[in-house]
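Beneath this line is the structure, given in structure tokens, with notes to follow.
First the proteins, then the strands, lettered A, B, ... as listed; each starts at 1.
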There are 2 protein chains.
Amino acid sequence: MIDVLRNHITNRLGNDLDNLDKVLATFKHIKAKRNEQILRQGDPCKYVYFIAKGCLQVYVYDKDFNETTRDIVIEDNWCSELLSFSSGNPATENIRTVEPCELFAIDRPSFQTMMETSPQFDKVYKQILEASYANSVYRINAFVSLTALDRIKWLMEYRPMLLTRLSSKLIASYLGINKDVFSRLKAKL
Amino acid sequence: MIDVLRNHITNRLGNDLDNLDKVLATFKHIKAKRNEQILRQGDPCKYVYFIAKGCLQVYVYDKDFNETTRDIVIEDNWCSELLSFSSGNPATENIRTVEPCELFAIDRPSFQTMMETSPQFDKVYKQILEASYANSVYRINAFVSLTALDRIKWLMEYRPMLLTRLSSKLIASYLGINKDVFSRLKAKL
DNA sequence: CGTGAACGATGACAAAAGTCTATGTTTTAC
DNA sequence: GTAAAACATAGACTTTTGTCATCGTTCACG
């Protein structure tokens with residue numbers, strides 16, 4: 001399973017990383033069942049997670065304690081609460097598994113060492129951050145102006161696998177739509 | 001006016017940067033009137049702008065050609081379309097001045113040189129990127145679940161100066177609310 | 001200055017989204 | 001395997017948001 005991570009890195013940084021195995025060894029392998037809490041709002045986020053298998057939900061609670069999902073991240077991607085991870089401040093978001101998962105977690109000291117010993121890995125962090133940012137910008141631009149129906153169409157176009165893979169409730173909270181409304185609108189398509 | 005930028009940098013990186021003046025000299029000083037287009041969607045974003053004075057609007061058009069504003073950035077902050085700037089791809093967003101502005105612009109080659117000659121400046125990019133990302137995450141978490149009225153309250157709490165400084169039309173487009181609705185809701189507060 | 005365009009507020013109405021209840025189905029956990 | 005819980009859908013109704021037209025006011029620019 002570590003090969004998923006190995007491939008992810010060599011695809012981006014090339015095969016000529018002589019200390020790659022050493023770096024990979026610093027990752028902690030985590031097997032998690034469905035619905036496990038990976039990070040709780042208020043705790044510092046100690047790890048960056050690479051998802052080798054499964055799917056994570058990044059979410060907060062609104063004033064009525066409903067979940068609103070900022071992001072859904074699937075295998076072969078990185079997931080963390082980066083701002084807490086890099087500052088050490090308490091996390092403002094929660095993370096949980098929505099499927100059985102296999103994760104590889106790297107903590108802050110190892111992450112620092114990795115970036116210092118091989119400057120190429122510095123790129124990894126920049127890539128994670130830029131990808132996360134791009135995702136956010138995309139989401140804001142799409143969502144601030146779209147109606148509920150158009151958000152669903154947006155999801156069908158850009159992340160169609162989510163529609164078949166996840167519960168309606170979760171998708172609705174990702175789209176910022178009430179689940180009953182989501183159910184009605186789906187029927188109209 | 002360059003001192004605004006000088007202070008911004010020394011506040012973050014300390015006073016002991018011997019090549020600071022050389023770096024500052026690579027910035028281009030731009031004076032812009034109100035309502036000038038700084039970046040057009042489709043063009044590559046060639047600069048990162050430091051706003052010494054004034055205010056910029058980052059926006060896109062929705063399917064009905066209404067503007068939706070992803071961000072409003074005021075003086076003593078950085079503004080760019082970072083993803084285009086760092087990749088060279090066409091920008092997906094527009095930027096314009098909403099007030100008379102004084103900007104300091106740095107292009108990609110100078111930015112690279114700056115980061116290579118003094119690794120401390122590498123931190124600047126990371127800080128810009130992290131701040132931009134933090135801002136986006138904050139905005140998504142706040143906005144996906146909030147009603148129009150609660151978005152206005154959110155703005156009153158976190159960026160109250162915008163309410164007095166900018167037009168209702170602009171604020172409404174930043175909040176993702178129709179301007180007539182914004183006008184009505186304001187009266188209710 | 002003066003004037004034409006943009007702006008802000010408001011009322012009437014339409015459309016979209018939210019809420020609540022009920023019901024049947026699927027999943028989970030023991 | 002079965003009972004309990006969670007899930008998906010649907011109808012009736014309420015609330016919120018959007019749209020359009022109108023009318024003073026303000027502001028930018030010649």
Practice task
Return no unless some side-chain N or O of B/Ser168 is found under 4.0 Å from OP1 or OP2 of C/dG8.
Solution key: yes

Problem - Protein-nucleotide distance (B/Leu175, atom CG; D/dT17, atom P), rounded to Å - result: 12 Å

Exercise for the section: Before accepting this row, confirm whether a basic side-chain N of the pair B/Glu67/B/Lys169 lies closer than 4.0 Å to the acidic partner's carboxylate O. Expected result: no

Fill in the blank from the handout: Numerically ordered, the residues 146-155 of chain B set in heavy-atom contact under 4.0 Å with DNA chain C is none

Problem - Per-nucleotide protein contact string for nucleotides 21-30 of chain C (B base, S sugar-phosphate only, - none; heavy atom under 4.0 Å) - result: -------S--

Completion exercise
The reported gap from SG in A/Cys79 to CG in A/Asp71 (rounded to nearest 0.5 angstrom) is 7.0 Å

Handout entry: Heavy-atom donor-acceptor pair, A/Ser167 side chain to A/Leu170 backbone, under 3.5 Å
Key = yes

Problem - Proximity to DNA chain C (any heavy atom under 4.0 Å), residues of residues 156-166 of chain B only - result: none

Practice task
Would you mind reading off the distance between B/Lys33 atom NZ and D/dG30 atom C1', rounded to a whole angstrom?
Solution key: 13 Å

Problem - Plane angle bin for A/Trp78 and A/His8 - parallel if under 30°, tilted between 30 and 60°, otherwise perpendicular - result: perpendicular

Fill in the blank from the handout: note: B/Leu170, atom CG; C/dC7, atom P; distance rounded to Å ~ 10 Å

Problem - Within 6.0 angstrom of A/Lys186 NZ, more than 12 heavy atoms from elsewhere - result: yes

Practice task
Quickly work out the B/Asn178 CG to D/dT16 C1' distance and round it to whole Å.
Solution key: 12 Å

Exercise for the section: Please round to the nearest 0.5 Å and tell me the distance separating atom CG of A/Asp62 and atom CG of B/Leu146. Expected result: 8.0 Å

Exercise for the section: Find the distance between CD1 (B/Ile74) and CE (B/Met161) and round it off to the nearest 0.5 Å. Expected result: 5.0 Å

Completion exercise
Between the CG atom in B/Leu162 and the CE atom in B/Met156, the distance rounded to the nearest 0.5 Å is 12.5 Å

Problem - Geometric class of the A/Phe85/A/Phe111 ring pair [parallel <30°, tilted 30-60°, perpendicular >60°] - result: perpendicular

Handout entry: Separation of D/dT9 P from A/Lys179 NZ (nearest whole Å)
Key = 11 Å

Practice task
Hey, could you give me the OG/OH distance between B/Ser136 and A/Tyr138, rounded to the nearest 0.5 Å?
Solution key: 15.0 Å

Exercise for the section: Please work out which residues in residues 181-189 of chain B have a non-hydrogen atom less than 4.0 Å from an atom of DNA chain D and list them by number. Expected result: B/Val181, B/Arg184

Problem - Any donor-acceptor pair under 3.5 Å from B/Glu36 side chain to B/Lys33 backbone - result: yes

Practice task
Would you confirm whether A/Asp64, through its side chain, and A/Asn66, through its main-chain N or O, come within 3.5 Å as a donor-acceptor pair?
Solution key: no

Handout entry: Contacting residues from residues 60-70 of chain B, given that a heavy atom lies under 4.0 angstrom of DNA chain C
Key = none

Exercise for the section: Any ring-ring contact (aromatic ring centres under 6.0 Å, His included) involving residues 163-186 of chain B? Give me the pairs, sequence neighbours left out, ordered by first then second residue. Expected result: none

Exercise for the section: Say whether, by atom type as modelled, one donor and one acceptor occur between the side chain of B/Glu81 and the main chain of B/Leu83 under 3.5 angstrom. Expected result: yes

Handout entry: Cation-pi check, A/Arg70 onto A/Tyr59 ring (under 6.0 Å, within 45° of axis)
Key = no

Completion exercise
Value for CG (B/Leu129) from OG (B/Ser86), rounded to nearest 0.5 Å, stands at 8.0 Å

